[in-house]
Asker: 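Structure in structure tokens, see below.
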Amino acid sequence: MDLKQFIQRDETCWKIPAKGAMRVPAIIYADASLLQAMDQKVHEQICNVAALPGIVEAAYAMPDAHWGYGFPIGGVGAFDADQGGVISAGGVGFDISCGVRTLHTGLTMNDLQGVKKDLADELYRSVPAGVGSRGLIHLNHDEMRAMLTGGAQWAVDQGFGEARDLEFTEERGRVDGAEPRDVSPRARERQKDEMGTLGSGNHYLEVQRVVEIFDQEVAEAYRLKLDAIVISIHCGSRGLGHQIGTEFLKDMALAASQYHITLPDRELACAPLNSPLGKRYLGAMRAGINCALANRQIITHLTRQAMNEIFPGISIDLLYDVSHNTCKEERHIVAGSAQTVFVHRKGATRAFGPGHADLPTEYQSVGQPVLIGGSMGTSSYILCGTKQAEQRSFSSACHGAGRAMSRRQATKQWHGRALVDQLAEQGILIRSPSLRGVAEEAPAAYKDVSAVVDSADKAGLAKKVARLEPVICIKG
DNA sequence: ATGTAC
């Protein structure tokens, strides 16, 4: 888009002053070339977010921002409930609490020699992937309720993983305030056989190798070394989150006039945080967050089982688990003083800096791990939270590369089989139930994740720690 | 993202 629409504050900070219906300014963080390539829709959408009731400070877009439903993907907005602030289902996203979890394996590249193919097959066999994929777990009514309230803690109690995993999971594996009664029977029905499954689209389980370290001190705190093998899991709340999103978007669109909210865009449907509908969505969304946390915890257990088949006795520890599709009640500095706000992060990763009370002891001095998934066949990054991000983005950073091309366009341009063969030649093994899915996820259908991460680093949203390259990718 | 439309 045209850079002349912005007031450039520094190399990676572009401001749109409040005008028209905007209550606060909008700010996009990106270098000039990423911003130029960004869809004009991001400008329109982030200005619309800035016009919502009760928004504080500014509406923000991350360097990987692109056109989404209502809010841009890569959008951040914080709202004050006491000032008529709203919550928006489209501001969280359909895949509630979609996120990334990274596991240490204690292995190096050398350990994979001769077993790579077997490991790929074993992981693919163990972790269900694809549209409508089902697991071996089937939840009855009471178990569903316990899962929606207990999150990853419930999963660990059921024998899926170890108590120590929870220490390294955002929110220690469960959020308060989940209300299973606000989750419809249809949403539960869709989820009851889907626990411990990856899903489709850009979701994956990837075996990765640490190929570059940018910050030795933080890397040591995260126990990351060059050539180490880690496993990253990217997925969310499956059918449950999607159903919650669908239902509440509809309810919120219908209720807007009742709450005297003038919507700049129908897709920005929202409800006051203090309204019955807003509270019901909060209760359901938090149940969705617990579902995603439980899902990644169960997949961790399945991963451990698969890894044990190939490497008997192997011990797998969690580096961290962080979501990038949520609305969270947090304390932040607004107009110079601390207050409680509800931060929407849609395609944006929470990135708490050093000293934040919610971080595990081991990461207190260096800040939260910020896990950035690349597209299939490309690099992923691990960053750390900064102190500056508190003032710049309510402690938020980017979440990935972001699509540069539609799925349809991608399937016209690439064939799944050819991509799998091509990646295999580069030493990257792909396993997927859908060759069309593979084509849709072609590496070149995404923006350059390295440019996105460099912009986030330069903008002070998070600091680069390590770069990972894929070895095996189980694709949904 | 998603029982890729109810």
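Hydrogens, waters and symmetry mates play no part in the numbers below; they use all other heavy atoms, side chains included. So you know, we letter chains A, B, ... as the sequences are listed, proteins then strands, and number each from 1.
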Asker: Can you tell me if the side-chain N/O atoms of R238(A) get under 4.0 Å from OP1 or OP2 in dT2(B)?
Answerer: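 Indeed, a polar side-chain atom of R238(A) lies that close.
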Asker: Need to verify one output field. Residue with the more 5' nearest nucleotide on DNA chain B, H203(A) or V131(A)?
Answerer: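 Here H203(A) is the residue nearer the 5' end.
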Asker: At under 4.0 Å between heavy atoms, what does E194(A) touch on the DNA or RNA strands: base, sugar-phosphate, or nothing?
Answerer: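 Counting heavy atoms under 4.0 Å across all strands, the contact made by E194(A) is with sugar-phosphate only.
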Asker: Would you kindly give the CD-to-P distance between Q409(A) and dT4(B), to the nearest whole Å?
Answerer: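 In whole Å, dT4(B) P lies 23 Å from Q409(A) CD.
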Asker: Can you check whether S200(A) has a side-chain N or O nearer than 4.0 Å to OP1 or OP2 of dT4(B)?
Answerer: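 Answer is no, no contact under 4.0 Å.
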Asker: Find the distance L240(A):CG to dT2(B):P and express it as a whole number of Å.
Answerer: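 After rounding, the reported distance stands at 12 Å.
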Asker: Between Y381(A) and S450(A), do the side chains contain a donor N or O and an acceptor N or O under 3.5 Å apart?
Answerer: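 There is such a pair (donor and acceptor under 3.5 Å, judged by atom type) between the side chains of S450(A) and Y381(A).
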Asker: Applying a 4.0 Å non-hydrogen cut-off, can you work out what G199(A) is touching in the nucleic acid: base, sugar-phosphate, or nothing?
Answerer: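 The answer is sugar-phosphate, as G199(A) gets under 4.0 Å only of primed atoms, P, OP1 or OP2.
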Asker: Grab the OH-P distance between Y69(A) and dT2(B) for me, whole Å please.
Answerer: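 So the OH-P distance, Y69(A) to dT2(B), works out to 18 Å.
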Asker: Have a look at R436(A) and say if it touches a base, only the backbone sugar-phosphate, or nothing, with a 4.0 Å heavy-atom cut-off.
Answerer: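 Answer is base: heavy atoms of R436(A) come under 4.0 Å of a base.
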Asker: Indicate whether any N or O donor in one side chain lies under 3.5 Å from an N or O acceptor in the other, for H138(A) and D193(A).
Answerer: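 The answer is yes; a qualifying pair exists.
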Asker: Using atom CD1 of I96(A) as one end and atom P of dT2(B) as the other, report the distance to the nearest whole Å.
Answerer: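 The answer, rounded to whole Å, is 12 Å.
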Asker: Expressed in angstrom and rounded to an integer, what is the separation of I73(A) atom CD1 from dT2(B) atom C1'?
Answerer: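 Going from CD1 in I73(A) over to C1' in dT2(B) covers 13 Å.
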Asker: Expressed as a whole number of angstroms, how long is the span from Q243(A):CD to dA5(B):P?
Answerer: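 For the pair Q243(A) CD and dA5(B) P, the rounded distance is 15 Å.
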Asker: Between S434(A) and R403(A), name the one whose nearest nucleotide on DNA chain B is closer to the 5' end.
Answerer: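 Going by which nucleotide is closer to the 5' end, it is R403(A).
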Asker: Is any NZ, NE, NH1 or NH2 atom of the basic residue among R417(A) and D421(A) found under 4.0 Å from an Asp or Glu carboxylate oxygen of the other?
Answerer: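 A salt bridge links R417(A) with D421(A).
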Asker: Under the side-chain hydrogen bond (donor to acceptor under 3.5 Å, both in side chains) rule, what do D64(A) and H399(A) come out as? Steps first, then yes or no, please.
Answerer: CA-CA 7 Å; D64(A) 52 340; H399(A) 85 304; 2.6 Å; yes
